[in-house]
Each structure stands twice: as structure tokens, then as C-alpha cells.
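The structure appears right after this line, and notes come after that.
When reading the values below, keep in mind they use all heavy atoms of this one structure, side chains included, and skip hydrogens, waters and symmetry mates. Order of appearance sets the numbers: ligands from 1, and atoms from 1 within every ligand.
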Amino acid sequence: MHILIMEGMIIMKKKHFNRFAACTFAAAMAISAMPTACAIDTTEITSNGTVIYSFDFEDDDVSAFTNRGGNDTTVISTTDESAVSGSKSLLASGRSSSWNGPAFQLDDKLEPFTEYYISAKVKGKYYTGATFSFQYTNADGETTYHNLASLNGNDWQTLEPTKVSFTDEMTGVFVYFEGGTDDLLVDDFVVEKAPAVEIEQDIPSLSDVFADAFKVGNAITPNDLSSKATMELIEKHFSGSLTAGNEMKPDAVLNQSACQAYFEETGDDTVPQISFSAAKPFLNYCQKNNIPVRIHTLVWHSQTPDWFFKEGYTNDGEWVSKEKMLARMENYIKAYFEELIKLYPDIDFYACDVVNEAWTDGGTPRNAGEQGQSGSSNSAWVQVFGDNSFIEPAFEFARKYAPEGCKLYYNDFNEYMDGKIKAVCEMATDLKEKGLIDGIGMQSHLDVRSGSDAFPAVNIYNRALDKYSELGLDIQITELDATTTTNPTDESFAAQAEYYKGIVDSIYAHKDNISALVIWGVTDDGSWRADRCPLLFDADYKAKPAFYSIIEGREIPEKPTTGKPDENTTTTAEPIGKTLIGDANEDGSVDIADATAIIQHMGNPDEYALSEQGKLNADIVNQGDGVTGADAVALQLIEAKKIKQSDLPITMEQYNELLSE
Ligand code: XIL
């Protein structure tokens with residue numbers, strides 16, 4: 001029987017969870033960024049789930065399965081050779097390459113932004129050496145593949161419930177079995193809709209709690225974008241700033257074949273070719289939701305391909321000269337910003353990590369060499385320039401090409417080590433005198449290390465903040481996370497909470513010099529250090545003790561309509577809504593619907609009431625004069641691209657000037 005729609009109970013062991021949600025992302029990177037299990041325990045969890053499809057193939061119907069197209073020679077049928085349930089199973093025969101199917105399409109049957117579990121039994125003809133994989137095509141027509149599970153052994157293997165989801169920007173979304181060229185048998189293929197998860201709405205929003213101090217933001221991976229609950233947490237707590245976890249780094253943006261093709265065509269190998277296709281789902285989200293973006297990162301030794309530094313953009317070419325690399329650097333940075341501004345004129349790219357991790361803890365340049373294997377700490381920049389003299393031109397070019405309002409940062413980890421503090425401060429002082437730098441990004445990948453001293457101790461971290469504050473530059477905490485131990489206990493989480501509190505208190509004490517606090521990941525299981533659960537929310541989207549510790553004792557500042565509020569005005573009451581200047585109807589975005597809401601409200605306030613927060617949001621021209629027709633007109637001016645949302649609020653003079661244009 002298939003296409004059962006029934007409510008049932010899914011009982012799974014946590015250790016079987018394979019949380020995965022896929023999105024537009026270069027394959028290799030996605031695999032490195034794939035969440036791993038966190039806080040593994042064997043506690044049974046029980047949740048209401050819905051079986052959407054269930055195939056035991058007893059009726060010989062294999063119409064929902066295909067091969068993978070192109071040169072895939074797989075023929076799909078059924079067989080009674082072997083089965084797990086009943087007497088029949090699906091047979092994928094005639095497979096001429098290991099990548100050949102069987103495949104099951106998701107996007108023509110299931111909903112985007114919804115999490116599903118897929119489980120099945122699979123068997124190879126003689127030996128099972130199969131991989132369960134996921135494929136999709138992005139908006140630019142590029143197809144990406146991820147491996148989700150390996151199934152090896154004699155006889156039938158079990159694919160445990162494996163989480164998949166996709167965004168509405170993906171087409172041709174398939175799951176499939178591959179591996180070897182022997183026949184593959186599949187049985188008991190089940191698709192379940194994961195139970196809806198509610199995030200905790202009754203806890204304070206971190207952005208609200210720290211509204212008098214700095215923006216609160218996060219970094220997200222494409223996986224996050226198709227997880228409804230993760231994005232609800234982003235919306236509630238972290239909408240002050242977003243960073244792409246990987247997709248705006250050089251290896252995601254540089255396109256080797258396009259670079260080589262351009263070189264071949266023009267004879268010029270100093271104009272690197274780029275594409276933001278990996279970052280588009282992220283950027284589209286930020287644009288739609290008016291979320292300011294931190295650009296991370298332009299010049300880095302890591303996640304930057306070695307071929308970028310080689311003659312002809314080849315993997316094994318000679319290193320290019322310093323002059324050629326300078327030209328490549330300038331053209332890269334120019335193209336990067338020009339393309340971003342062209343594609344996303346409305347996004348507030350408010351900060352950019354121009355150079356990342358150029359100094360060792362001892363304050364010396366990195367060793368010269370290929371990055372090669374990931375994890376190598378060598379720098380190809382140092383290889384070509386001989387030292388850290390690439391830093392200044394990077395800032396020069398960024399200053400020249402970055403959009404207006406985009407502040408430029410030097411970003412690093414371990415910036416509380418003496419040698420590094422010295423090197424960073426000297427570099428920053430020099431760049432500041434030349435007008436090239438606006439701030440220091442402190443990544444802040446910290447370690448609670450239950451059982452021994454935390455690294456760094458809170459007073460050491462605090463001292464570094466003092467030092468950077470003295471520079472007279474802005475500071476942003478760009479990647480905060482604090483690992484605990486593997487297999488953490490309640491005590492580990494309590495120690496983590498205490499440490500987080502110390503660190504965030506120290507950050508808060510420097511708030512006059514700090515403009516953003518960005519956490520590096522939303523839920524523990526999605527972290528790049530998932531095995532040591534370093535974040536504020538757990539895999540079930542619940543606030544951890546660390547969350548409560550950093551808000552403890554703080555009062556929620558009265559919501560500002562613009563600028564920083566009077567720090568003495570606080571309230572402990574629940575926030576009345578979301579402050580977003582222009583968002584009259586409080587739907588989280590500023591658009592023409594807000595103009596309509598204002599006009600309707602003015603015509604018939606009883607029928608078209610605006611909430612108190614909606615009225616505050618709506619009052620954008622000549623703030624303080626309440627909701628007027630001018631506010632609605634100003635919103636239409638945004639739509640007509642005469643002003644940007646980031647220009648709001650405006651004065652009556654500015655308004656009159658705009659109308660007279
Ligand atoms: C990390 C990402 O989170 C991982 O997904 C990736 O595999 C490696 O890079 N410092 C930085 C970030 O500046 O870019 C790094 O991000 C974490 C350390």
C-alpha cells in the first residue's frame with residue numbers, strides 16, 4: 001500500500017536523529033558544515049508525526065520512483081527475490097555507474113520549509129554498499145548533492161529516519177540511493193512529516209533585552225533557512241544582524257572555471273570571476289526581512305582556494321607575483337561589492353570583515369604556504385606577499401568599493417592572547433590613522449572546559465575588550481560561542497551558563513564601544529562545534545541555562561522608535577510588539593501593505609485599528625506627530641525607490657524636499 005495519510009506516533013531514539021535540512025550550498029562545504037548529533041542520549045522521545053507516503057511495493061506500483069535522468073540507465077521495477085515486509089521490494093537494475101538511482105522526488109509532492117523524516121530498507125544484490133543522498137537545483141540552475149547516510153553490510157540495511165527539508169527556491173529536489181553498479185533493492189520506504197515544533201514565545205527576545213546596548217545577531221547556514229523553528233528563533237532573537245556561515249567566503253564566491261574561461265578569452269588573469277549563487281537564499285531572506293548583513297569575509301588564509309594564488313588559476317600552477325596578486329585582490333573586492341550592490345541595493349551591508357585571522361596568537365604573520373588540506377594554518381597571502389603587507393591594500397580596496405555605511409573590520413579569534421593583542425592594536429592604530437579601518441571584530445570562540453579553567457578566563461577577555469576600546473574604534477563580537485564538554489551533563493550546562501554570564505556582562509560593560517553581538521549558530525546541533533554544545537538554544541529549540549543567565553537581572557529597555565533610547569527608561573513588562581520603523585501592520589516587513597494599513601486606519605480607525613506598537617512604527621515622518629497621511633506617502637516613496645528603508649525616520653523638511661523632486 002502507498003500514499004497513506006494517517007496520524008500516528010513516531011517513536012525514535014535521539015541517537016537515530018540525523019537532523020539535516022538542505023539548501024543551496026557548494027557540496028563540499030555543505031558536508032563540512034553539516035550538523036552532527038549533539039547531547040546524544042538514548043532517551044526515547046515520542047512525538048505526533050504524520051506518515052505522508054509509505055511504500056511496501058506489494059502492489060507493484062513504483063510510479064513515484066525514477067532513475068536520476070541524464071545518462072542514468074537504471075530501470076525501476078519490483079521483484080519477489082527478497083523483501084523485508086511482504087514478498088516484494090523495489091528493484092533498481094541496469095545501473096551502469098555508481099551515481100545511478102533509484103530516486104524519489106520531493107518538491108513535486110511535499111511542502112517547502114517543512115521537515116520530513118525518510119526511512120527505508122535497502123539491499124545490494126551481493127553486498128550493501130549504498131549511500132542515501134540528496135540533490136537539488138538552485139535558482140541559477142546549479143545542481144548540488146549531499147550524502148546523508150551510508151548503509152554498508154550484508155543483506156538488508158536500515159535507513160533510520162533521516163531529516164530532510166528544502167526551500168521554495170529549490171527545484172528538482174530528490175533523495176536517492178547510489179553506490180556500486182549492482183542491483184539495489186528498496187523496501188518499506190516511508191516519508192513522515194516531522195511534528196511541528198513550537199519555539200518558546202514567552203521568553204524575552206535577546207534583541208529587545210540588549211536594545212539599549214548593541215544589535216544582537218547570528219550566523220546561519222543554508223540548512224537553517226529551511227527549518228521553520230530555527231528561523232522563528234532568528235526572527236524573535238537575532239534579527240539585528242545576520243552573517244552567512246560560509247556562503248560569502250572566498251571559496252564560495254570565487255568561480256574557478258569562470259576565472260579560467262575569462263583568462264582564456266581575454267588573456268587577462270587579474271580579473272577574478274565571482275558568483276553569489278551559494279549566498280542567494282541567505283541574502284534573499286535578509287532582503288525580504290530587512291535584516292542588516294555582516295559580510296564575512298574578503299581576505300582570509302582559510303576557505304580560500306589555492307588556485308586563486310596560482311598562475312592561470314590552476315591547482316598546480318606557479319605562485320603568482322605580488323603585483324599580480326594585488327591586481328587580483330583589487331578586482332576581486334571591486335567585483336564582490338559591485339555585484340552585491342547590484343543584486344541587493346536594499347540590503348543594509350553594515351559591516352564587513354575585510355581581513356580575517358591574519359595574526360598568530362604570538363603576534364606574527366602566519367607561515368607561508370598552501371592552505372591545501374582544510375585545517376592547515378598556512379597562508380597563501382603570506383606566501384605571495386612575503387609578510388602581512390597584504391592587509392593594508394585589502395582595507396584600501398574595501399574602503400574604495402564598499403557601499404556607503406559599510407564599516408570595515410579586522411576580525412580574529414584568540415584576540416585576548418598578549419602577542420595577538422599587540423599585533424592587532426599596532427595594525428589597527430596604523431590603519432586608523434590612514435582612515436582605512438572602522439573596527440575590530442572579536443570572533444570569541446570560547447571554551448568553558450568544565451573541569452579545568454575556562455579559556456579564556458572572563459577577566460582576560462575583559463582586559464582584551466579594555467585594550468580594543470582604547471583604540472577608539474568600534475568593536476563587534478562577531479562569532480560568539482562557548483563550548484562545554486562532549487556528552488554534557490546538567491552541571492556542564494550550569495558551568496556554561498555561568499561563563500556565558502561573565503562574558504556577556506563584560507561585553508555589556510563595554511557597550512559604548514560595541515555595536516553588535518553576534519552568536520555563531522542558533523541551536524547546538526547546528527553549530528560547527530556541535531559535539532560540545534556551545535550555543536544558547538538546544539537541539540529542541542529550547543532556551544538553555546546559558547540563555548537565561550545572560551538575560552538574568554536585565555530589564556527590557558523601553559522600545560525606541562529610532563536611535564538609542566534613554567538608558568534609564570526601562571520596563572519589565574512584556575514587549576508590546578516588534579519595533580520596526582515603518583512596519584505599521586507589524587508583519588515583520590516594511591512594504592506597501594504598511595502604507596495601505598495606515599490609509600485604512602486613517603479612514604476608519606475602528607475597523608482598521610493599528611496596535612500601539614504599529615502606531616509607533618507607522619510614525620515615520622516628523623516623529624512624534626502620530627500617524628499621518630505623510631507616513632503612508634513616505635512608504636510609497638520607498639516602493640518608488642526614492643528613499644531607502646534605512647533612511648527612516650525622516651523630518652518634515654526631508655519629506656517636503658522629496659516631494660518637490
Ligand atoms: C566556520 C563555519 O562555521 C564552518 O561551517 C566551516 O566548516 C568552517 O568555518 N572563524 C571564522 C568562521 O571566521 O568563518 C569559521 O566558520 C569559524 C572560525
Side-chain angles (χ1 to χ4, degrees), residues 19-36 38 144 146 217-225 227 230 234 238 241-254 278-279 281-282 293-305 351-361 366 371-377 379 381 391 394 408-417 420 424 439-447 455-456 475-483 516-535:
R19 284 193 59 185
F20 179 77
C23 283
T24 314
F25 197 31
M29 225 189 315
I31 287 164
S32 71
M34 250 170 67
T36 50
C38 186
T144 303
H146 309 293
N218 212 308
I220 55 172
T221 68
N223 299 353
D224 295 329
L225 284 167
S227 161
T230 304
I234 290 284
F238 302 110
S241 170
L242 282 181
T243 310
N246 285 298
E247 298 63 39
M248 297 181 79
K249 294 174 179 174
D251 61 355
V253 176
L254 281 164
F282 164 79
V293 170
R294 289 199 89 253
I295 297 172
H296 177 75
T297 175
L298 298 179
V299 171
W300 190 18
H301 71 284
S302 180
Q303 291 186 264
T304 304
C352 172
D353 293 330
V354 178
V355 176
N356 198 30
E357 303 182 353
W359 298 102
T360 63
D361 291 353
R366 290 176 171 275
Q371 193 218 336
Q373 301 288 316
S374 72
S376 155
S377 61
S379 167
W381 289 106
I391 296 178
L408 307 181
Y409 293 79
Y410 173 78
N411 191 51
D412 212 330
F413 60 93
N414 284 3
E415 277 167 309
Y416 16 83
M417 308 293 279
K420 194 172 279 198
V424 170
I440 303 295
M442 290 183 71
Q443 289 183 11
S444 309
H445 293 296
L446 316 179
D447 190 358
F455 178 79
I475 302 173
Q476 296 197 336
I477 311 304
T478 56
E479 309 180 13
L480 178 61
D481 59 7
T483 52
L517 165 58
V518 177
I519 311 289
W520 200 249
V522 185
T523 55
D524 276 340
D525 57 323
S527 163
W528 73 306
R529 308 200 286 171
D531 59 333
R532 284 167 294 154
C533 304
L535 298 173

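Listed by atom number, the atoms of ligand 1 under 4.0 Å from H445 heavy atoms are 10 (N), 17 (C), 18 (C). Against a heavy-atom cut-off of under 4.0 Å, K249 is close to the following atoms of ligand 1: 1 (C), 2 (C), 9 (O), 12 (C), 14 (O), 15 (C), 16 (O). Each of the atoms 6 (C), 8 (C), 9 (O) of ligand 1 lies under 4.0 Å from some heavy atom of Q303.
Using a 4.5 Å cut-off on side-chain heavy atoms (C-beta onward), N411 and T297 make no contact. Residues N356 and K249 fail the side-chain proximity criterion, which asks for heavy atoms closer than 4.5 Å. Using a 4.5 Å heavy-atom cutoff, the side chains of E415 and V424 are in contact.
Ligand 1 has an N or O atom lying under 3.5 Å from an N or O atom of H296, backbone or side chain. Between W300 and ligand 1, no N or O atom pair is found at a separation short of 3.5 Å. For a threshold of 3.5 Å applied to N or O pairs, the pair formed by W528 and ligand 1 contains no separation below that value.
Under 4.0 angstrom from ligand 1, the non-hydrogen atoms of N356 all belong to its side chain. Within the 4.0 Å heavy-atom criterion, neither part of F413 lies near ligand 1. No part of T297 comes within 4.0 Å of ligand 1, judged by heavy-atom distances.
Summarising the geometry of F282 relative to T243, their closest heavy-atom pair is CZ-C, 3.5 Å, with the distance given to 0.1 Å. Residues R294 and S241 approach most closely at CG-OG, 3.4 Å, considering heavy atoms. Nearest heavy atoms, V522 versus L535: N-CD1, 3.7 Å.
Note that the CG atom of L446 and the CG atom of D481 stand 7.0 Å from one another [nearest 0.5 Å].
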